[in-house]
Amino acid sequence: MTSIMERIAEAETRADAILEEANRTARELVAKTRTEAEDAIVAAAETQRIQTVEILRQAQTDGEAIAAE
């Protein structure tokens with residue numbers, strides 16, 4: 001039969017292990033989320049660049065058409 005002190009020590013050990021696992025999981029989640037956010041920013045910037053190029057081309061085409069009139 002285990003004593004109260006032994007049971008308390010076991011519970012503390014389990015609590016420490018749970019806390020360590022939670023901290024590890026949180027760190028991994030933050031790192032994954034940071035990477036996903038950085039990837040989303042890069043993708044958004046590329047999309048914006050492509051849209052800007054297209055708008056500039058269209059504006060040039062429109063300007064040339066107006067100038068030709």
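- Applying the side-chain hydrogen bond (donor to acceptor under 3.5 Å, both in side chains) test to Asp39 and every residue at least two apart in sequence or in another chain returns nothing.
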Quiz item: Do Arg24 and Glu20 pass the side chain to side chain contact (heavy atoms under 4.5 Å, CB included) test, and can you show the C-alpha distance, the side-chain angles, and the key distance before you say yes or no?
Solution: CA-CA 6 Å; Arg24 184 189 61 75; Glu20 287 177 20; over 6 Å; no
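- In this structure, CD on Glu46 lies 14.5 Å from CD1 on Ile41, to the nearest 0.5 angstrom.
- Looking only at distances, no side-chain donor or acceptor of Glu21 sits under 3.5 Å from a matching main-chain atom of Ile18.
- Atom CD of Glu54 and atom CZ of Arg57 lie 6.0 Å apart (nearest 0.5 Å).
- Note that the CG atom of Asp62 and the CD1 atom of Ile55 stand 11.5 Å from one another [nearest 0.5 Å].
- A donor atom on one side chain and an acceptor atom on the other are found under 3.5 Å apart for Gln60 and Glu64.
- Ion pair Arg7/Glu10 not flagged as a salt bridge, since none of the NZ, NE, NH1 or NH2 atoms sits closer than 4.0 Å to an Asp/Glu carboxylate oxygen.
- Interatomic distance, Thr25 OG1 to Glu28 CD, rounded to the nearest 0.5 Å: 6.0 Å.
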